[in-house]
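Structure first, commentary second.
These values consider heavy atoms only, across backbone and side chains, with no hydrogens, waters or symmetry-generated copies.
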Amino acid sequence: MKKLLVASVALASLPLWAVESPPDPALVKRGEYLARAGDCVACHTAKGGAPFAGGLAMETPIGVIYSSNITPDSTGIGGYSFDDFDQAIRHGVRKDGSTLYPAMPYPSYARVSDEDMQALYAYFMHGVQPVAQANKETDIPWPLSMRWPLSVWRAMFAPKVEPFKAAGTDEVVDRGAYLVEGLGHCGACHTPRAITMQEKALTASEGNDFLSGSAPLEGWIAKNLRGDHRDGLGSWSEAELVAFLKTGRSDRTAVFGGMSDVVEHSMQYMSDADLTAIARYLKTLPPVNPDDAPQVYDRAVGDALWKGNDSTPGASVYVDNCAACHRTDGKGYTRVFPALAGNPVVQTADATSLINLVLRGGTLVATHTAPSTFTMPGYAWRLSDQQVADVVNFIRNSWGNQGTPVAAKEVKNLRDSDLKGTSGDDLGQVSSK
C-alpha cells in the first residue's frame, strides 16, 4: 500500500505529457506542421532562447508584454489538459481563469478546427522539449496592467468559437481562407485596429478593412494584402505571391521586419498546396480603392541619372548610397536587390517602413529554396534626417512611383525612438542638421 501511495504521489507530480499515453506519431507530426503554419515559435521564442520557452518582449500601445513558456514543463503548459489548452488557444482564457492579452491572436484561432486543435496539443505535449523557464511579468503600468478588463474586452470583441464555414465552392480558396483567417492569423498584423484595440474586421466578409494594412508597430507597417495595385497585391500573380511566401523575395520586393520571421519560421515549411491556397484566397480580395490603377514605369528619372543629372532633391543621395544595388533605373537585381520601381512597400500612404529600412537596414533571410542571404546596411550613422527624408521622397516619386511627401521631422521621430539597427548601429548618431 505504501509503495502504491508513493507511486501515486510521484505520478501526480509529473506533468500531464509524462503520464498520458503517447499519441499517434502521425498526429504529432501533423501538429508540428500546424504549429509552423501558425508561426508559434516566432512569438514564443526569445532571441537566443530555447524554442517555445517564451520571454520575447513585444511592444504594445499600453506597454511591453512577454510571450509565455508553451513547452510541456511545469513552468509552461505541462499541467494543461486538452480542455485547458483549448481554452487558452481558442477562447483566450488561461488555466487560472484570467484572460490573455489580445497580443495572443485567439480571436483568429477561434476558427481552428477541433481536429487541428487535437493535433496541436499532441505536438506541444509530446513533440516539444520541456524547458524550465518561469514566465516574465509584463511591463505595463497600473492600472492598465489589471487583467479583469480583458475579460470585458473578450466578451465584446472575441468571436464565438465555432466550426469554420466555407464561403464558396472552391476548395482551394476555402483552404486559403481557413489558413489566413484562422491559424495563420494574418489579420493580427495586417488589419487596422480600432481605438479599443480589436481588429476592425476578422474575415473578408466583414468589410474592406480586413488585411488592408496596419498602423506602425515597432517601426514597421504590415502592408495592404488586398487587390490594390500600388500598395497591395493587385499587380501580383498567384505564382509570384507563392514564391514570395516561400522564399521571402520576388521580382518586385523582398521581405523585411516582422514578416522575415514569418517566412523563416513558418512559410518556407508549408506545402506548395497550402501556399497556393493562401495566395489564391488573397487574390480574391478586392481593392480598398476601386479606382487604384497599376503603376506605369517612367524612365525619365533613370535616364537623367545615367546622364549625370542628379539635381532633383535626394537624387545625389540615392546615387551615392543606393544606386549600386538598386540601379539608376530603380529595377534592382532580380531576387537579390529588390526593385524600387513599382515596389508596393515604397508607395504606402505611411512611409514608416521605408524610412526605417534606410535608417536600420535589413537582412534578407535564407530559406531552403533560396539559401543565399543579402544585407542592406543601415544609414543612420551616415545620413541626416533631411537627407533620409530627401532620398525617401526621391524613391517614392521616381520611375512612376507615387507617394506622399515625407518630412525630416518624421525621420527624427523614428531615430529618437531608441530603436537599434540590425547591424547594431545607433540611430541617434547623426543629427537632423
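Remark: D298 CG to N397 CG distance equals 11.5 Å, nearest 0.5 Å. Note that the CD atom of Q133 and the OG1 atom of T75 stand 7.5 Å from one another [nearest 0.5 Å]. Here the OH atom belonging to Y178 is positioned 14.0 Å from the OH atom belonging to Y281, to the nearest 0.5 angstrom. For the atom pair OH (Y123) and CG (L34), the distance works out to 11.0 Å, reported to the nearest 0.5 Å. Put simply, NE2 on H190 and CZ on F210 are 10.5 Å apart, with the number rounded to the nearest 0.5 Å. Expressed to the nearest 0.5 Å, how far CD1 of I70 lies from CD1 of I77 amounts to 6.0 Å.
Annotation: side chain of V255 is in contact with side chain of L364 (closest heavy-atom distance under 4.5 Å). Using a 4.5 Å heavy-atom threshold, the side chains of C325 and F374 count as separate. In this structure, the side chains of T196 and F157 come closer than 4.5 Å at one or more pairs of heavy atoms. Two residues are said to be in side-chain contact when any heavy atoms from C-beta on lie closer than 4.5 Å; E59 and I65 fail this criterion. Between V128 and P51, every side-chain heavy-atom pair lies at or beyond the 4.5 Å cut-off. Put simply, the side chain of T284 reaches to within 4.5 Å of the side chain of V173, judged on heavy atoms. Counting heavy atoms from C-beta on, the side chains of Y318 and T312 never come closer than 4.5 Å. V346 has its side chain out of reach of V392: every pair of non-hydrogen atoms, C-beta onward, lies at least 4.5 Å apart.
No more than 12 heavy atoms of other residues, nucleotides or ligands sit less than 6.0 Å from atom NZ of K409. Open room surrounds CE on M156; 12 or fewer heavy atoms of other groups in view lie less than 6.0 Å from it.
A donor-acceptor pair under 3.5 Å is absent between the side-chain atoms of Y333 and the main chain of P338, judged by distance alone. Checking side-chain atoms of S151 against main-chain N and O of T99 turns up no donor-acceptor pair under 3.5 Å. Looking only at distances, a side-chain donor or acceptor of R327 sits under 3.5 Å from a matching main-chain atom of G332. Between the side chain of R415 and the main chain of L359, no donor-acceptor pair closer than 3.5 Å is present. Without hydrogens or angle criteria, N401 side chain to I395 main chain gives a donor-acceptor distance under 3.5 Å. With hydrogens and angles disregarded, no donor-acceptor distance shorter than 3.5 Å links the side chain of D261 to the backbone of A42. Distance alone, capped at 3.5 Å, places no donor-acceptor pair between the S250 side chain and the E240 backbone. Without hydrogens or angle criteria, R175 side chain to A277 main chain gives no donor-acceptor distance under 3.5 Å. A donor-acceptor pair is defined here as one N or O able to donate and one able to accept, closer than 3.5 Å; no such pair exists between the side chain of E410 and the backbone of V406. E206 places a side-chain N or O within 3.5 Å of a backbone atom of L202 that can act as its donor or acceptor partner.
Checked by atom type, the side-chain pair S81/D84 shows a donor-acceptor distance below 3.5 Å. If you check the side chains of N343 and T253, you find a donor sitting under 3.5 Å from an acceptor. Of the N and O atoms on the side chains of S68 and R94, not one donor lies less than 3.5 Å from an acceptor on the other residue. Side-chain N/O atoms of D274 and Y269 include no donor and acceptor closer than 3.5 Å. With no hydrogens or angles considered, a side-chain donor-acceptor pair links D228 and N224 at under 3.5 Å. Donor-acceptor pairing under 3.5 Å is recorded for the side chains of T375 and T363. Judged purely by distance below 3.5 Å, without hydrogens or angles, the side chains of R230 and Q347 pair a donor atom with an acceptor atom.
Summarising the geometry of S67 relative to H44, their closest heavy-atom pair is OG-CA, 3.6 Å, with the distance given to 0.1 Å. Considering all non-hydrogen atoms of both residues, Q268 and E264 come closest at NE2-O, 2.7 Å. The minimum heavy-atom distance linking A315 with L305 is given by the pair CB-CD2, 4.0 Å. The heavy-atom pair separating V64 from A57 by the smallest distance is CG1-CB, 3.8 Å. In plain terms, the two heavy atoms of P23 and A122 that are nearest each other are CG-CB, 3.9 Å. Of all the heavy atoms in V301 and F394, the pair that sits closest is CG1-CZ, 3.5 Å.
Judged by a 6.0 Å distance limit and a 45° cone about the ring axis, K331 is positioned over the six-membered ring of Y297.
Ring pair H326/F337 is perpendicular by interplanar angle, where above 60° counts as perpendicular and below 30° as parallel.
Salt bridge R90/D114: present, at least one basic N to carboxylate O contact under 4.0 Å. Between K246 and D272, at least one side-chain nitrogen of the basic residue sits less than 4.0 Å from a carboxylate oxygen of the acidic one, meeting the salt-bridge criterion. Under the 4.0 Å criterion applied to side-chain N and carboxylate O atoms, D251 and R335 are assigned as salt-bridge partners. No salt bridge links R30 with D24; every basic N to acidic carboxylate O contact stays at or beyond 4.0 Å.
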message: Between E238 and T276, is the side chain to side chain contact (heavy atoms under 4.5 Å, CB included) condition met? List the steps.
response: CA-CA 7 Å; E238 181 182 299; T276 297; 3.3 Å; yes

- request: Test T71 against D73 for side-chain hydrogen bond (donor to acceptor under 3.5 Å, both in side chains), laying out the working first.
  value: CA-CA 6 Å; T71 72; D73 183 78; 5.5 Å; no

message: Under the criterion side-chain hydrogen bond (donor to acceptor under 3.5 Å, both in side chains), I'd like the reasoning laid out for T203 against R111: C-alpha separation, chi angles, the key distance, then a yes or no.
response: CA-CA 10 Å; T203 68; R111 291 162 181 75; 5.0 Å; no

message: Let's go through R396 and L354 carefully: what are the C-alpha distance in whole Å and the side-chain angles of both, what is the deciding distance for side chain to side chain contact (heavy atoms under 4.5 Å, CB included) to 0.1 Å, and is it a yes or a no?
response: CA-CA 9 Å; R396 280 165 61 82; L354 182 57; 3.8 Å; yes

- prompt: Step by step, would you call E199 with S214 a side chain to side chain contact (heavy atoms under 4.5 Å, CB included)?
  reply: CA-CA 10 Å; E199 295 164 44; S214 69; over 6 Å; no

query: side-chain hydrogen bond (donor to acceptor under 3.5 Å, both in side chains) between T348 and D350: does it pass, once the steps are laid out?
result: CA-CA 5 Å; T348 56; D350 190 322; over 6 Å; no

message: Evaluate E115 against Q118 for side chain to side chain contact (heavy atoms under 4.5 Å, CB included), listing each step before the verdict.
response: CA-CA 5 Å; E115 295 77 12; Q118 291 284 354; 5.8 Å; no

Between side-chain atoms of residues 101-110 and protein atoms elsewhere (two or more places apart, or another chain), which donor-acceptor pairs fall under 3.5 Å?
unit_1 : atom_1 : unit_2 : atom_2 : d
Y101   : OH     : S145   : O      : 3.4
Y109   : OH     : H185   : ND1    : 3.3

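Remark: aromatic rings of F124 and Y80 are distant, center separation not under 6.0 Å.
Sorted pairs that involve residues 130-155 and meet salt bridge (Lys or Arg N to Asp or Glu O under 4.0 Å), not counting sequence neighbours, are lacking altogether.
Applying the side chain to side chain contact (heavy atoms under 4.5 Å, CB included) test between V388 and each of V411, V317, L414 identifies V411 as the sole match.
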